[in-house]
Amino acid sequence: MPSLSRQLAQWVTALRYEDLPPEVVDRAKGVTLQCLASVLLGSKTGAGKQAVKLVRDEEDGVRRGATIMVDGATATKAGAAYANSEMALAGGKFDTFRMLTHPGTSIIPGALVAAESSGASGKELLTGIAAGYEVMERLAADFIPTVMSRGFH
């Protein structure tokens, strides 16, 4: 029997937009819009501006990579995903699952960078976001119930 990580990887790579129930597609669109709104808000905060400045200062001159949202600059894929994620966090309008995780602040900026750099369609983007949420929450389901009882948040 394949390991759990291999099973999840096989499921993710086989997942297609047509496999997603309509309510999952609707939720993926909703959390994406929520994340984008948080990025817009976060881009105006000190923390959001600081993240963008850090990436721009470190990666000035990058020609191929991905877009830092709102700012429009090009950075490495990692740099753009980091700045976008930090703006999403700074905006404070992130999702909550199982009351301890905020998956959208990492999944959606990463998915947007991947979609931009690979030329993915909107359906492929939504499929990737749904897969990201599924994997993160399956992994979190095993440790979240005991985290608070062990004194962590």
Side-chain angles (χ1 to χ4, degrees), residues 1-45 47-48 51-52 54-56 59 62-147 153:
M1 174 181 241
S3 67
L4 178 58
S5 61
R6 187 167 301 273
Q7 290 175 55
L8 282 171
Q10 289 170 341
W11 177 81
V12 167
T13 59
L15 186 63
R16 299 291 173 257
Y17 181 83
E18 295 73 27
D19 300 330
L20 302 175
E23 54 273 12
V24 170
V25 172
D26 185 60
R27 185 66 183 255
K29 290 176 181 178
V31 294
T32 301
L33 290 173
Q34 181 178 11
C35 182
L36 293 174
S38 197
V39 168
L40 285 171
L41 290 169
S43 71
K44 303 297 182 198
T45 67
V52 171
L54 170 72
V55 172
R56 290 194 70 173
E59 301 185 357
V62 170
R63 297 189 201 293
R64 292 180 44 175
T67 305
I68 298 174
M69 289 191 276
V70 184
D71 180 88
T74 300
T76 64
K77 294 174 200 173
Y82 168 77
N84 296 338
S85 181
E86 287 298 315
M87 286 188 287
L89 283 164
K93 302 298 180 199
F94 33 82
D95 52 9
T96 301
F97 283 78
R98 291 186 171 75
M99 301 310 292
L100 290 175
T101 65
H102 305 298
T105 58
S106 58
I107 292 169
I108 295 169
L112 288 167
V113 164
E116 177 185 5
S117 61
S118 69
S121 69
K123 287 181 177 181
E124 290 169 322
L125 170 66
L126 292 171
T127 304
I129 289 170
Y133 271 83
E134 185 68 21
V135 170
M136 185 170 181
E137 293 311 306
R138 281 180 182 256
L139 295 174
D142 284 341
F143 72 84
I144 291 296
T146 64
V147 169
H153 186 279

Can you find a pair of side-chain heavy atoms, one from Leu40 and one from Leu36, that are under 4.5 Å apart? no
Give, for atom CD of Glu124 and atom CG of Leu15, the distance between the pair rounded to the nearest 0.5 Å. 11.5 Å
Please find the pair of heavy atoms, one from Pro109 and one from Ala81, that lie closest to each other, and give the distance. CB-O, 3.8 Å
Nearest 0.5 Å please: distance from the CG atom of Leu8 over to the CE atom of Met136. 13.5 Å
Heavy atoms only: give me the nearest Ile129-Ala111 pair and the separation to one decimal. CG1-CB, 3.7 Å
Atom pair OG (Ser5) and CD (Gln10), whose distance is rounded to the nearest 0.5 Å: 9.5 Å
Does any part of the side chain of Glu59, heavy atoms only, come nearer than 4.5 Å to the side chain of Val62, both counted from C-beta? yes
With heavy-atom distances below 4.5 Å as the criterion, would you say the side chains of Gln7 and Met1 are in contact? yes
For Thr32 and Ala28, indicate whether the former's side chain and the latter's backbone hold a donor-acceptor pair under 3.5 Å. yes
Looking only at heavy atoms, the pair that brings Ala75 and Val55 closest together is CB-CG1, 3.6 Å
Should Ile68 and Arg56 count as side-chain neighbours, where that means a heavy-atom distance under 4.5 Å? yes
Heavy-atom side-chain contact between Asp71 and Ser43 under 4.5 Å: no
Where the side chain of Glu86 meets the backbone of Val52, is there a donor-acceptor pair that is under 3.5 Å apart? no
From Ser106 OG over to Leu89 CG, what is the distance, rounded to the nearest 0.5 angstrom? 8.5 Å
Lys123 side, atom NZ; Arg16 side, atom CZ - distance, nearest 0.5 Å: 13.5 Å
For Met69 versus Asn84, what's the shortest heavy-atom pair and its separation? N-OD1, 2.8 Å
If you measure from NE2 on His102 to SG on Cys35, what distance do you get to the nearest 0.5 Å? 12.5 Å
If I compare all heavy atoms of Leu126 with all of Tyr17, which pair ends up nearest, and what's the gap? CD1-CE1, 4.3 Å
Can you name the nearest heavy-atom pair linking Tyr133 to Ile108, along with the distance? OH-CD1, 3.8 Å
Under the criterion side-chain contact (heavy atoms from CB on, under 4.5 Å), I'd like the reasoning laid out for Gln34 against Asp95: C-alpha separation, chi angles, the key distance, then a yes or no. CA-CA 8 Å; Gln34 181 178 11; Asp95 52 9; 4.0 Å; yes
Pair Arg27 + Glu23: basic N to acidic O under 4.0 Å: no
